[in-house]
Amino acid sequence: MESNQLTAAEQRVWRAFPRGESVDFRESPDEDPADGATWGAERTVRAEVVRALLLGGPRQDGEIPSLSLAGARITGLLDLQYAAIDHPVRLRHCHFDEAPRCYAARLRELNLSESVLPGLVAHATHIDGVARMTRTRFTGTLRLSGARITGSLHLESAQVTVPDAEGPVLQLGQTSVGGDLAAPGLRTRGQIRLNGATVAGSLNLGEARLGNPGGAALDAQTLTVAGDMLLRNAEVHGWVGLRGARIAGRLDLSYTVLSNPGGPALQASSTAVGELWLRKAPPMEGTLNLRRAQLDVLFLEPESLPEEVLIGDLTYTSLVPHEPAERRLPMLERQRDGYVPHAYEELTAAYRRVGDDHAARLVQLAKQRRHRNTLPWYGRLWGLVQDVAVGYGFRPMRAAGWLLSLLAIGSVAFALHHPQPLKAGEAPPFHPVFYTLDLLLPVISFGQEEAFAPSGGYQALAYVLVLTGWILATTVIAGVTRTVSRQ
């Protein structure tokens, strides 16, 4: 491109390029690039000039060329599809009339921080350094699917707002980031797609505001993060999808509002996560889905639970903070699939690992009571008898209480009215306590029951004591067997 074809602003940029110098057209540091459509020719640069510089601009011996431009209005289409560019591209605080195209391009560095763009097409782009879009505002779709970024991707406080978007507004599916994906304070209206993306560092979405009510606000199925995924102090309207994700460090949802009434709030089925933190947050509005998830640490405060959970085949090594069983059991009772034995066993194991056997027994007792409701009427009746008698074996002292109470009743009754001996000359001396024990204990004999026969109402009392004794003995044996089998 000949210099006589350039405007004064473009000539300034052309001269600065070979020396790697910066050109800043801004009149004040706090001006808003959103007003760029009104900027005049003195700060307007055509996209074809930028393209010509990047693909074949002038060189100067001993200098490293780079494009570093701020506060400019870029008019026309900046088309860098399939281009190989060996020097940094820094277009900061700029206003673009059209969405740049970088499909399958290879860049050294891309910096669009604090600019305003009607979108960006950068599918399959390879960036050999850092991509910066800090505080950048997109009024169209940001497409980075399949991109390869060897450094970090910076989207701090960026905004992607696409009214009535038909697809994802931020497309990062299958993207590979060699460093961190840093997007604290990100603002989006529409879906973020991170399906199959790989982040070698950490993924930071702290204080983000993501909105796609009724749909996916963040769809990150099969996402892989080698570090932490932080979604702290964020606000999400729509569901978060992490099915099949692999997060080696911490998935931190502390202080975060997750809202998707009538649908899923967090879909994290089949995930493998080092630590999942659900703490210091209001109750989720929607369903929490942790089916088949594998967690080393589940940091869950009961107050953060939604009204409905899906936790079938969820496994975890540690459950913190340590809470009484009464505070943890509502999580199992909110299971949408009804009675799931595995959930009770997993909670029991977590309590036993920290040595809280009392809480473990309470969970097992709750499991038996929940199971009872799934049985036919005769099973429910027998289960109720076991519960009342010995608490399914987890409250053995209750049987002793029943035995002592019945022993006292029988002893007093038969002391006031001795039963008649069957053979007067051969009967041993009557002893009301031993006689009552003979009735209550089916496997022990004191020689009293065979020698005396009560009559009338006392005979009915004797029958009741015999029946109760058999029931107590049977429930104790069943409870002991169940307790031993849990050890």
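One is the number of the first residue; the rest follow in order along the sequence.
Looking at heavy atoms from C-beta onward, Val236 lies out of side-chain contact with Leu218 at the 4.5 angstrom threshold. Between Leu276 and Tyr316, the closest side-chain pair of non-hydrogen atoms is not below 4.5 Å. Annotation: side chain of Arg279 is in contact with side chain of Arg232 (closest heavy-atom distance under 4.5 Å). Considering only heavy atoms from C-beta on, Leu172 stays 4.5 Å or farther from Val177 through its side chain. Residues Glu275 and Asp252 fail the side-chain proximity criterion, which asks for heavy atoms closer than 4.5 Å. Asp357 is listed as a side-chain neighbour of Arg352, based on a closest heavy-atom distance under 4.5 Å. Using a 4.5 Å heavy-atom cutoff, the side chains of Leu155 and Leu142 are in contact. Side-chain contact between Val257 and Glu285 is absent, with no heavy-atom pair separated by less than 4.5 Å.
What you find for Ala200 and Gly178 is that their closest heavy atoms are CB-O, 3.3 Å. Shown here for Leu461 and Ala413, the closest heavy-atom pair between the two residues is CD2-CB, 3.6 Å. The minimum heavy-atom distance linking Pro306 with Arg334 is given by the pair O-NH1, 2.9 Å. The shortest non-hydrogen separation linking Met133 to Ala158 is O-CB, 3.6 Å. Looking at every heavy atom in both residues, Gly129 comes nearest to Thr150 through N-OG1, 3.3 Å. Closest approach of Phe96 to Pro118, counting heavy atoms only: O-CD, 3.2 Å.
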Going through the distances and angles, do Ser145 and Gln174 end up as a side chain to side chain contact (heavy atoms under 4.5 Å, CB included)?
-> CA-CA 6 Å; Ser145 299; Gln174 309 300 323; 6.0 Å; no
Report the C-alpha separation of Leu181 and Thr175 in whole Å, then their side-chain angles, then the decisive distance to 0.1 Å, and conclude whether the side chain to side chain contact (heavy atoms under 4.5 Å, CB included) test is met.
-> CA-CA 11 Å; Leu181 201 170; Thr175 296; over 6 Å; no
May I have the step-by-step check of side chain to side chain contact (heavy atoms under 4.5 Å, CB included) for Leu203 and Leu223, ending in yes or no?
-> CA-CA 10 Å; Leu203 170 56; Leu223 168 71; 3.9 Å; yes
Take Ile311 and Glu346, measure what side chain to side chain contact (heavy atoms under 4.5 Å, CB included) needs, and give me the verdict at the end.
-> CA-CA 10 Å; Ile311 52 176; Glu346 196 68 22; over 6 Å; no
Going through the checks in order, is the side-chain hydrogen bond (donor to acceptor under 3.5 Å, both in side chains) test met by His358 and Asp356?
-> CA-CA 6 Å; His358 173 70; Asp356 194 343; over 6 Å; no
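Listed for the Asp228 side chain is a donor-acceptor partner under 3.5 Å among the backbone atoms of Arg250. In terms of modelled atom types and a separation under 3.5 Å, the side chain of Thr256 and the main chain of Asn233 share a donor-acceptor contact. Using a distance-only test at 3.5 Å, with no hydrogens or angles considered, no donor-acceptor pair links the side chain of Glu109 to the main chain of Arg90. Checking side-chain atoms of Ser270 against main-chain N and O of Gly244 turns up no donor-acceptor pair under 3.5 Å. Within the 3.5 Å criterion, the main-chain N or O of Gln221 finds a donor-acceptor partner in the side chain of Asn195. In this structure, the side chain of Thr317 does not engage the main chain of Val297 through any donor-acceptor pair within 3.5 Å. Using a distance-only test at 3.5 Å, with no hydrogens or angles considered, a donor-acceptor pair links the side chain of Ser152 to the main chain of Asp180. Not one N or O on the side chain of Arg292 forms a donor-acceptor pair closer than 3.5 Å with the backbone of Leu290.
Arg336 has a carboxylate O that lies under 4.0 Å from a charged side-chain N of Glu308, or vice versa, which qualifies the two as a salt bridge. A salt bridge does not link Glu301 to Arg327: none of the charged side-chain nitrogens sits closer than 4.0 Å to a carboxylate oxygen. With salt bridges taken as basic N to acidic carboxylate O contacts below 4.0 Å, one links Glu345 and Lys367.
Sorted by first and then second residue, the side chain to side chain donor-acceptor pair (under 3.5 Å) pairs involving residues 110-122 (not counting sequence neighbours) are His93-Glu114, Asn111-Ser113, Glu114-Arg135.
Ring-plane geometry between Phe299 and Trp277 is classed as tilted, the angle between the planes lying from 30 to 60 degrees on a 0 to 90 degree scale. In this structure, Tyr103 and His123 have perpendicular ring planes: the angle between them is above 60°, well past the 30° mark. Ring-plane geometry between Tyr339 and Tyr344 is classed as tilted, the angle between the planes lying from 30 to 60 degrees on a 0 to 90 degree scale.
Here the CG-OG1 distance, from Leu117 to Thr141, works out to 12.5 Å after rounding to the nearest 0.5 Å. Separation of atoms CD (Gln335) and CZ (Arg370) is listed at 7.5 Å; rounding is to 0.5 Å. In this structure, OG on Ser269 lies 11.0 Å from CG on Leu314, to the nearest 0.5 angstrom. Atom NE2 of His322 is separated from atom CZ of Arg328 by 9.0 Å, given to the nearest 0.5 angstrom. Atom NE2 of His154 and atom CZ of Arg132 lie 4.0 Å apart (nearest 0.5 Å). The CD1 atom of Ile127 lies 5.0 Å from the CG atom of Leu110; values are rounded to the nearest 0.5 Å.
The environment of CZ in Arg148 is crowded: more than 12 heavy-atom neighbours from other residues, nucleotides or ligands sit within 6.0 Å. Around CZ of Arg101, the count of heavy atoms belonging to other residues, nucleotides or ligands within 6.0 Å does not exceed 12. The environment of Arg137 atom CZ is dense: over 12 non-hydrogen atoms of other residues, nucleotides or ligands sit within 6.0 angstrom. Heavy atoms from other residues, nucleotides or ligands lying under 6.0 Å from CD of Glu207 number 12 at most.
For the residue pair Thr287 and Asn289, no side-chain donor N or O sits within less than 3.5 Å of a side-chain acceptor on the partner.
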